[in-house]
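Since the structure comes first, as structure tokens, the remarks are kept for the end.
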Number of protein chains: 2
Amino acid sequence: MQRNTKQREAIAACFSAENRPLTAAEVHAFTAKDRPSLGIATVYRTVNAFVEIGMLVPVLIGGTNRYELSAKPRHHHFYCQKCDRAYCLKECTVSKDRLAPEGFTVHDHELVVYGVCPSCRSTSNGKEGE
Amino acid sequence: MQRNTKQREAIAACFSAENRPLTAAEVHAFTAKDRPSLGIATVYRTVNAFVEIGMLVPVLIGGTNRYELSAKPRHHHFYCQKCDRAYCLKECTVSKDRLAPEGFTVHDHELVVYGVCPSCRSTSNGKEGE
DNA sequence: ATCGGTGCAAAGGGTTTGCAGGGTA
DNA sequence: TACCCTGCAAACCCTTTGCACCGAT
């Protein structure tokens with residue numbers, strides 16, 4: 001049975017607040033403001049626990065693992081090549097039929113759009129926080 | 001200027017022979033038959049060099065980095081969740097317009113289909129362990 | 001008082017890099 | 001011969017794990 005701790009609350013809050021796929025490092029950075037002692041290992045363990053209970057789903061884009069709230073309709077993602085942030089896009093527009101040829105069993109699919117996000121485009125900063 | 005070595009030949013041959021995105025570990029395993037002394041570091045360096053000269057392109061799916069020949073028409077990929085192999089699918093069928101909302105600059109996109117490949121489906125071999 | 005959660009540090013995979021020696025041009 | 005390429009090992013980054021302590025129930 002899971003217990004409620006301040007750390008878990010802080011980690012869960014990140015996902016609600018950002019509403020986009022986050023890496024463990026991003027979560028760790030966000031929680032550092034309120035709970036500087038919260039270790040990166042706790043972030044990983046908690047995130048994995050949240051995935052197991054179905055609260056988060058893994059989003060594999062951009063090399064590092066990301067996670068987002070599972071309570072969202074099917075959608076795809078945008079990856080900003082400047083700031084390495086992932087964003088959620090609107091609902092899925094990919095036609096489900098014939099995604100793969102005969103012989104392949106299709107379980108799922110993911111569409112990732114690469115480019116530059118509005119924040120990076122307007123400020124032409126790069127890998128900066130906010 | 002690049003030099004032709006047996007190692008580089010062997011590495012390039014893997015991509016021609018397999019015609020699908022390969023990880024460094026996969027390339028290393030293939031070359032091991034002919035050139036057991038070829039180190040994994042050489043695979044990484046060579047693959048990165050091939051990307052720089054435009055011969056290979058990175059394919060970021062499934063957690064580990066993969067690479068494929070760039071001399072192929074636009075297409076997407078299938079990732080087998082059993083054997084961890086990536087395959088190339090037919091040409092792109094995603095409509096290019098409205099991939100992202102206002103404010104986002106779109107450079108590229110990638111559609112990944114997850115499932116089980118014919119080889120794993122028929123023989124039920126694969127990674128086992130489930 | 002339990003027993004899951006946390007912090008720290010060390011361990012584990014994947015990838016890169018430093019260095020000395022080897023092979024191509 | 002010159003210089004790139006290679007092998008090996010150490011370094012790095014991301015993620016997981018061991019262990020002792022903390023704290024929610």
Side-chain angles (χ1 to χ4, degrees), chain A residues 1-15 21-68 79 83-86 127, chain B residues 1-15 21-53 55-68 79 81 83-86 127-129:
Chain A
M1 196 195 71
Q2 302 240 353
R3 291 176 180 176
N4 288 334
T5 64
K6 300 292 182 188
Q7 291 90 335
R8 285 176 167 224
E9 265 175 36
I11 292 168
C14 293
F15 291 97
L22 299 175
T23 64
E26 284 174 327
V27 171
H28 190 228
F30 287 129
T31 58
K33 294 158 192 157
D34 295 340
R35 312 196 71 79
S37 69
L38 201 162
I40 188 74
T42 296
V43 173
Y44 278 106
R45 268 186 294 227
T46 303
V47 158
N48 286 335
F50 285 172
V51 169
E52 284 204 1
I53 65 173
M55 179 180 136
L56 294 179
V57 288
V59 178
L60 298 165
I61 62 179
T64 356
N65 293 339
R66 289 153 207 271
Y67 304 89
E68 69 178 354
Y79 178 78
C83 65
D84 288 320
R85 274 182 293 203
K127 314 214 173 204
Chain B
M1 195 194 72
Q2 302 240 352
R3 290 180 181 176
N4 289 334
T5 65
K6 300 292 181 187
Q7 291 90 334
R8 275 149 117 97
E9 264 174 38
I11 291 169
C14 293
F15 291 97
L22 299 176
T23 64
E26 285 174 327
V27 171
H28 190 227
F30 286 130
T31 58
K33 294 157 193 158
D34 296 340
R35 314 197 69 78
S37 69
L38 201 163
I40 189 73
T42 296
V43 174
Y44 278 107
R45 268 186 295 227
T46 303
V47 158
N48 287 333
F50 285 172
V51 169
E52 284 204 1
I53 64 172
M55 180 179 135
L56 294 179
V57 288
V59 178
L60 298 165
I61 63 180
T64 0
N65 293 340
R66 287 153 208 272
Y67 304 88
E68 69 179 355
Y79 178 77
Q81 297 166 318
C83 64
D84 287 321
R85 273 182 296 204
K127 273 280 188 203
E128 299 293 59

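For the numbers below, each heavy atom of this structure counts, side chains included, while hydrogens, waters and symmetry mates do not. The structure displayed is predicted, hence computed values, not measured ones. Letters A, B, ... mirror the listed sequences (proteins, then strands); counts begin at 1.
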Separation of [N] [atom2] from [X] [atom1] (nearest whole Å):
| X | N | atom1 | atom2 | value |
| --- | --- | --- | --- | --- |
| Ile53(B) | dC5(D) | CD1 | P | 10 Å |
| Glu9(B) | dC5(D) | CD | P | 14 Å |
| Ile40(B) | dC5(D) | CD1 | P | 18 Å |

| Hey, what bend do you get for the helix from dA1(C)-dT25(D) to dA25(C)-dT1(D) if you fit axes on five pairs at each end, rounded to 10°? | 30°
Contact check, side chains of [X] and [Y], non-hydrogen atoms, under 4.5 Å:
| X | Y | result |
| --- | --- | --- |
| Gln7(A) | Leu38(A) | yes |
| Asn65(A) | Pro58(A) | no |
| Tyr67(B) | Val27(B) | no |
| Leu60(B) | Leu60(A) | no |
| Phe15(A) | Leu56(A) | yes |
| Phe30(B) | Leu22(B) | yes |

| said: My understanding is that only residues two or more places apart in sequence, or in another chain, count here; which of them pass side chain to side chain donor-acceptor pair (under 3.5 Å) with Glu9(B)? | reply: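 Here no residue qualifies.
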| message | So, using side chain to side chain donor-acceptor pair (under 3.5 Å) as the criterion, who are the partners of Tyr79(A) when residues are at least two apart? | response |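 Testing Tyr79(A) for side chain to side chain donor-acceptor pair (under 3.5 Å), a comparison that skips the adjacent residues, returns Asp84(A).
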Only distances under 3.5 Å count here; give the side-chain donor-acceptor pairs of residues 42-54 of chain A to other protein atoms, sequence neighbours excluded, each with its distance to 0.1 Å.
{"from": "Thr46(A)", "atom 1": "OG1", "to": "Thr42(A)", "atom 2": "O", "distance (Å)": "2.7"}
{"from": "Asn48(A)", "atom 1": "ND2", "to": "Tyr44(A)", "atom 2": "O", "distance (Å)": "3.2"}

| field | Any Asn48(A) side-chain N or O less than 4.0 Å from OP1/OP2 of dT16(D) | value |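 Answer yes for this pair, as a side-chain N or O of Asn48(A) is under 4.0 Å from OP1 or OP2.
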| How would nucleotides 2-11 of chain C be written as a contact map, 5' to 3', with B for base contact, S for sugar-phosphate-only contact and - for no contact, using protein heavy atoms under 4.0 Å? | -BBSBBBB--
Got a list of protein N/O to nucleotides 12-14 of chain D N/O distances below 3.5 Å?
none

| field | salt bridge (charged side-chain N to carboxylate O under 4.0 Å, His left out) contacts touching residues 21-36 of chain B (sequence neighbours left out) | value |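 As it turns out, the salt bridge (charged side-chain N to carboxylate O under 4.0 Å, His left out) pairs with a partner in residues 21-36 of chain B, which skip direct neighbours, are Arg20(B)-Glu26(B).
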